[in-house]
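Okay, so here's the structure we're looking at.
All heavy atoms count here, side chains included; hydrogens, waters and symmetry mates do not. In what follows, chains are A, B, ... by sequence order, proteins preceding strands, each numbered from 1.
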Amino acid sequence: MNAAEHDHFAEKLLAWFDAAGRHDLPWLHPRTPYRVWLSEIMLQQTQVKTVMPYFARFLEHFPTLPDLAAASTDQVMAQWAGLGYYARARNLHAAARLCVQQHGGDLPRDFDALVALPGIGRSTAGAILAQAWGDRFAILDGNVKRVLARYHGVAGWPGAPAVEKQLWQLAAQHLPQARMADYTQAQMDFGATLCTRHDPACMLCALQDDCVALREGRVDELPTSKPGKPLPERIALMLLAENAHGEVLLLRRPPVGIWASLWSLPQADDHEQARQWFAAHLQGDYDQAEALAEIPHVFSHYRLRMHPLRWRALAARDAVRDNDDLRWVAREQLPSLGLPAPIRKLLSTVIPANAGTP
DNA sequence: AATACGGGGAT
DNA sequence: ATCCCAGTATT
């Protein structure tokens, strides 16, 4: 494809969008840089339906970029809790503060300056510039990868660098001269609602005449799926200590690794490690622990088998007081903390809503 | 180039 | 049970 005037990809896609696209998505009204940015971050590896309530709630708490910058980490994490990929929230918060320090409280209208902000890569930077300002930048998210792999008949897993490079090139080649904001939204909407992974609506497709995969009967095998591998398994002992008031001892996880900086239960790899932690922080008999039923949880990269150990009416050692990283928390306070979903599940299983208080 | 990072939905 | 999703950062 060397002559832009013979490439009807963008114009057909825009025509489809005008007629059948979703025009009621919340980040479209109004389509401001801050709202576009927030939506793009929340939508990374996360479906529209999941994002919707978080997007609305987040904006109620932090209506503007400077509001977000001024908030505390705990306030931000509380609004993100449950969405997953928590580095996104920490990066979003850090980036907001950088924007206040370096860009007058606004997102910069500059590709390199955007990519320099934490949490914004090539695709998100392009998405922000195109949707907020109409600037001419390509995006390459999962939807665009799928659409282009089919349209051009590109084989190979799109996560492979060579394939991804080719897809970026194709994405750049289709860029229209106008309506970049709508075009960018249209590509993602098209992939999410029509050119779906399973059962795409090829009969209704605006691009069916030029789609290589459809012509060659390869729609169901493109894009090539990721080579699979068995999930490794890990076991964790979850220490559930309750004091005489029925409060639960929570600790703040380290700033790096899984569930970084979120509140969770003390955790150990084995009983020796658990006993050691218990002795250092609590008074009582470790062996009085009640072993509760295993709670399995599957992450994208490993399977976690949580084994809760419960003690009641415990006291902390005198040297251990409430501090920034270790707290007794009443059950009513749990929802306001940024607890990871599996921990919430564990707690709700172990501590029914009607137990503990008269 | 490979891995870490969550949670929810679809098949 | 397995795969996938409006990706980015780290190693």
Dump the pairs, protein N or O against N or O of nucleotides 9-11 of chain C, anything under 3.5 Å, distances to one decimal.
{"unit_1": "dA9(C)", "atom_1": "OP1", "unit_2": "Gly119(A)", "atom_2": "N", "d": "2.6"}

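- Side-chain atoms of Asp210(A) and His8(A) form no donor-acceptor pair, as typed in the model, at a separation below 3.5 Å.
- Arg90(A) comes within 4.0 angstrom of nothing in the nucleic acid, heavy atoms only.
- Using a 4.0 Å heavy-atom cutoff across all strands shown, Val48(A) reaches at least one base atom of the nucleic acid.
- Using a 4.0 Å cut-off, no side-chain N or O of Gln47(A) falls inside it from OP1 or OP2 of dG8(B).
- Look at the C1' atom in both dC5(B) and dC5(C): the space between them is 14 Å, to the nearest Å.
- For the pair Arg344(A) CZ and dG7(B) C1', the computed distance is 10 Å after rounding to whole Å.
- Taking for each of Asp199(A) and Trp157(A) the nucleotide of DNA chain B with the nearest heavy atom, the 5'-most of the two is the partner of Trp157(A).
- A salt bridge does not link Asp141(A) to Arg146(A): none of the charged nitrogens lies less than 4.0 Å from a carboxylate oxygen.
- Taking every heavy atom of both residues into account, Arg150(A) and Arg197(A) meet most closely at NH2-O, 3.1 Å.
- Note: OH (Tyr54(A)) to C1' (dG9(B)) measures 14 Å, nearest angstrom.
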Could you pull out every donor-acceptor pair under 3.5 Å between side chains of residues 251-263 of chain A and any protein atom, sequence neighbours left out?
{"unit_1": "Arg252(A)", "atom_1": "NE", "unit_2": "Asp324(A)", "atom_2": "O", "d": "3.4"}
{"unit_1": "Arg252(A)", "atom_1": "NH1", "unit_2": "Asp74(A)", "atom_2": "OD1", "d": "3.1"}
{"unit_1": "Arg252(A)", "atom_1": "NH1", "unit_2": "Ser261(A)", "atom_2": "O", "d": "3.3"}
{"unit_1": "Arg252(A)", "atom_1": "NH2", "unit_2": "Asp74(A)", "atom_2": "OD2", "d": "3.3"}
{"unit_1": "Arg253(A)", "atom_1": "NE", "unit_2": "Ile258(A)", "atom_2": "O", "d": "3.0"}
{"unit_1": "Arg253(A)", "atom_1": "NH1", "unit_2": "Gln267(A)", "atom_2": "OE1", "d": "3.1"}

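- The same ILVMFWY cluster, assembled from side-chain heavy atoms under 4.5 Å apart, contains both Val329(A) and Leu347(A).
- Comparing the C1' positions of dC3(C) and dG6(B) gives a spacing of 15 Å, expressed to the nearest Å.
- With hydrophobic clusters built from ILVMFWY side chains whose heavy atoms lie under 4.5 angstrom apart, Val163(A) does not share a cluster with Val212(A).
- Side-chain nitrogen and oxygen atoms of Arg88(A) include none within less than 4.0 Å of the OP1 or OP2 phosphate oxygen of dG6(B).
- Taking atom CG on Asp220(A) and atom C1' on dT11(B), their separation rounds to 15 Å, with Å as the unit.
- For Leu13(A) and dA6(C), the CG to P distance is 15 Å, given to the nearest whole Å.
- Within 3.5 Å, a donor on the side chain of Thr46(A) pairs with an acceptor on the base of dG6(B), or the reverse.
- Contact between the side-chain N/O atoms of Trp259(A) and the OP1/OP2 oxygens of dG7(B) is found at a separation under 4.0 Å.
- Within the 4.5 Å cutoff, no side-chain heavy atoms of Leu167(A) are placed close to those of Val144(A).
- Residue Ile41(A) is classed as having no contact, given no heavy-atom separation below 4.0 Å to the nucleic acid.
- Side chains of Pro266(A) and Phe278(A) form no contact here, defined as non-hydrogen atoms less than 4.5 Å apart.
- Rounded to an integer number of Å, the gap from Lys345(A) NZ to dG7(B) P is 10 Å.
- Note on Arg197(A): every side-chain N or O is 4.0 Å or more away from OP1 and OP2 of dG9(B).
- Rounded to whole Å, atom C1' of dG6(B) lies 13 Å from atom CE of Met306(A).
- In this structure, the NZ atom of Lys226(A) is 10 Å from the C1' atom of dC3(C), given to the nearest Å.
- In terms of phosphate contacts, Thr124(A) brings no side-chain nitrogen or oxygen within less than 4.0 Å of OP1 or OP2 of dA6(C).
- Note on Gly257(A): only backbone sugar-phosphate atoms sit closer than 4.0 angstrom, heavy atoms only; bases stay farther off.
- dT11(B) and dA6(C) have their P atoms separated by 14 Å, with the value rounded to a whole Å.
- Using a 4.0 Å heavy-atom criterion, one finds that Gln187(A) contacts no nucleic acid atom at all.
- Taking atom CG of residue Leu222(A) and atom P of nucleotide dC3(C), one finds them 18 Å apart after rounding to whole Å.
- Cation-pi contact between Arg31(A) and Trp133(A): absent, since separation from the ring centre below 6.0 Å together with deviation from the ring axis within 45° is not met.
- For His297(A), the listed nucleotide lying nearest its side chain is dG7(B); candidates were dA1(B), dC5(C), dG7(B).
- At a non-hydrogen distance threshold of 4.0 Å, Arg22(A), Leu25(A), Trp27(A) from residues 19-38 of chain A come into contact with DNA chain C.
- Distances from the side chain of Tyr86(A) to the nucleotides dG7(B), dT8(C), dA6(C) place dG7(B) closest.
- Taking the six-membered ring for Trp and the full ring otherwise, the centers of Phe111(A) and Phe137(A) sit less than 6.0 Å from each other.
- Salt-bridge annotation for Arg327(A) and Glu247(A): absent, with no side-chain N of the basic residue lying under 4.0 Å from a carboxylate O of the acidic one.
- Among the heavy atoms of the strands lying under 4.0 Å from Ser225(A) are primed sugar atoms or P, OP1, OP2 only; no base atom is included.
- Side-chain N/O atoms of Gln131(A) and Glu40(A) include a donor and acceptor closer than 3.5 Å.
- Across dC4(C), dG7(C), dA6(C), the shortest atom-to-atom separation from the side chain of Glu40(A) is found for dA6(C).
- Minimum atom distance to the side chain of Asn143(A) is reached by dA6(C), of the listed dA6(C), dT8(C), dC5(C).
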